[in-house]
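Here is the structure we will look at, set down as structure tokens.
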Amino acid sequence: MSLPASTPTGLSVSVRGLVRRFGKRNVIDRLDLDIRRGEFVALLGASGCGKSTLLRILADLDHDIEGDVFVSPRRGVAFQSPRLFPWKRVWSNVVAGLPRGADRASANAALEEVGLTHRGDAWPKDLSGGEAQRASLARALVRNPDLLLLDEPFGALDALTRLKAQALVADLWQKHRQAVLLVTHDVDEALLLADRVLVMRDGVLAHEVVVDLPRPRSAGDANVNRLRVQLLDWLGVIEPAVKSTSEQSMTVRK
Ligand SMILES: Nc1ncnc2c1ncn2[C@@H]1O[C@H](COP(=O)(O)OP(=O)(O)O)[C@@H](O)[C@H]1O
Ligand SMILES: [Mg+2]
């Protein structure tokens with residue numbers, strides 16, 4: 001059930017009592033979530049805990065749900081795999097599905113945002129992984145969204161490209177201040193980018209930390225370290241520094 005888009009809540013996302021079942025299993029089990037306008041929220045959780053399921057619901061791609069869901073109608077979505085149409089040039093991919101149709105000027109504006117104007121006429125197969133992911137981000141930005149839903153968008157990138165893509169998202173957010181929900185498995189990525197980090201577990205958002213630290217942040221900062229230890233503990237992962245030397249470097253708690 002969707003509330004009216006005009007609900008004067010100051011929120012970009014408001015979810016109450018959300019349930020999503022697959023068979024007999026409640027993958028999402030009475031979940032509540034608020035994201036304020038302009039807030040950057042990161043979502044962590046073990047593989048298979050329901051992060052993508054939640055994002056697909058917020059992206060209006062899954063309606064088989066119970067509960068109340070309000071999501072800003074002007075949203076952009078990007079997934080781990082860039083999902084570009086191979087038969088369309090990059091610029092045409094960026095504007096694919098826009099109501100006003102094939103509009104090169106809009107495509108160029110979005111490509112410029114992600115530093116990809118020079119690849120507008122390329123075919124998707126000729127892009128590097130980082131370029132394809134930036135094209136996917138341009139497609140999310142082309143509607144001038146006030147909410148970005150990002151599902152592990154940097155997950156498949158090499159380390160250096162990933163850092164550049166993270167910096168790009170940080171810059172875009174500083175500039176436009178859209179609300180962002182970023183699903184990631186990278187605790188540092190969450191802590192460097194987000195205002196608030198949520199941990200999903202057992203179908204609900206079981207934990208949260210507010211990252212009240214100035215930007216840009218450094219992974220080596222003592223406050224970031226403190227929050228990392230807390231998040232890894234909630235995720236069931238013990239950091240090497242807090243373990244005895246006889247143990248393996250990273251252990252998942254049973
Ligand atoms: N269409 C589907 N049909 C049946 N089970 C599904 C479907 N989509 C997801 N699931 C199951 O729901 C659980 C959560 O999946 P998902 O949201 O993709 O997890 P995450 O993104 O956190 O890794 C998994 O156990 C997955 O197998
Ligand atoms: Mg997923």
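It should be emphasised that the depicted structure is a prediction, and the values quoted were computed from it without experimental measurement.
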Please set out all donor-acceptor pairs under 3.5 angstrom arising from side-chain atoms of residues 191-199, sequence neighbours excluded.
residue	atom	partner	partner atom	Å
D195	OD1	R215	NH1	3.2
D195	OD1	R215	NH2	3.0
D195	OD2	F40	N	2.9
R196	NE	E39	OE2	2.7
R196	NH1	E208	OE1	2.8
R196	NH2	D34	O	2.7
R196	NH2	E39	OE1	3.1
R196	NH2	E39	OE2	3.4

Judged by modelled atom types alone, do D221 and S218 share a side-chain donor-acceptor pair under 3.5 Å?
-> no
Just checking, is any N or O donor in the side chain of E113 or H176 under 3.5 Å from an acceptor N or O on the other one?
-> yes
Nearest 0.5 Å please: distance from the NE2 atom of H185 over to the CG atom of L235.
-> 11.5 Å
Carefully, step by step, assess D146 and R37 under the rule salt bridge (charged side-chain N to carboxylate O under 4.0 Å, His left out).
-> CA-CA 8 Å; D146 52 27; R37 283 187 196 147; over 6 Å; no
Candidate pair N225 and V229, rule side-chain contact (heavy atoms from CB on, under 4.5 Å), full reasoning | CA-CA 6 Å; N225 263 321; V229 169; 5.6 Å; no
Measure from the side-chain N and O atoms of K51 to the backbone N and O of A46, and report whether any donor-acceptor pair falls under 3.5 Å.
-> yes
In Å and rounded to the nearest 0.5 Å, what is the CG to CG distance from L54 to L33?
-> 6.5 Å
Rounded to the nearest 0.5 Å, what's the gap from CG on L55 to CG on L43? Could you check?
-> 7.5 Å
Is R83 positioned over the aromatic face of F79, cation under 6.0 angstrom from the ring centre and no more than 45 degrees off axis?
-> yes
Are the charged groups of D64 and R21 less than 4.0 angstrom apart, N to O?
-> no
For the student: nearest non-hydrogen atoms of A190 and T184, plus distance | CB-CG2, 4.1 Å
Connected-component partners of W87 among ILVMFWY, side-chain separation under 4.5 Å = F85
Gap between atom CG of L147 and atom CG of L58 - 0.5 Å precision = 7.5 Å
Answer yes or no: is there a side-chain heavy-atom contact under 4.5 Å between R75 and R143?
-> no
Please answer: with hydrophobic residues joined when any side-chain heavy atoms are less than 4.5 Å apart, are V180 and L149 in the same cluster?
-> no
Under the 3.5 angstrom rule, does the side chain of R20 hit a backbone N or O of T53 as a donor-acceptor pair?
-> no
Using a strict 4.0 Å threshold on nitrogen-to-oxygen distance, state whether R30 and E66 make a salt bridge.
-> no
In terms of side-chain heavy atoms, does E112 have a donor or acceptor partner in T117 at a distance below 3.5 Å?
-> no
Between H63 and D60, is any side-chain donor less than 3.5 angstrom from a side-chain acceptor?
-> yes
Strictly by modelled atom types, are R89 and N93 linked by a side-chain donor-acceptor pair under 3.5 Å?
-> no
Would a distance-only check, ignoring hydrogens and angles, find a side-chain to backbone donor-acceptor pair under 3.5 Å from R139 to P82?
-> yes
Please check if atom CZ in R16 has more than 12 non-hydrogen atoms from other residues, nucleotides or ligands closer than 6.0 Å.
-> yes
Step by step, work out the side-chain contact (heavy atoms from CB on, under 4.5 Å) result for L44 and V187.
-> CA-CA 7 Å; L44 296 166; V187 172; 4.1 Å; yes
Output for pair (S92 OG, D121 CG), nearest 0.5 Å, gives 10.5 Å
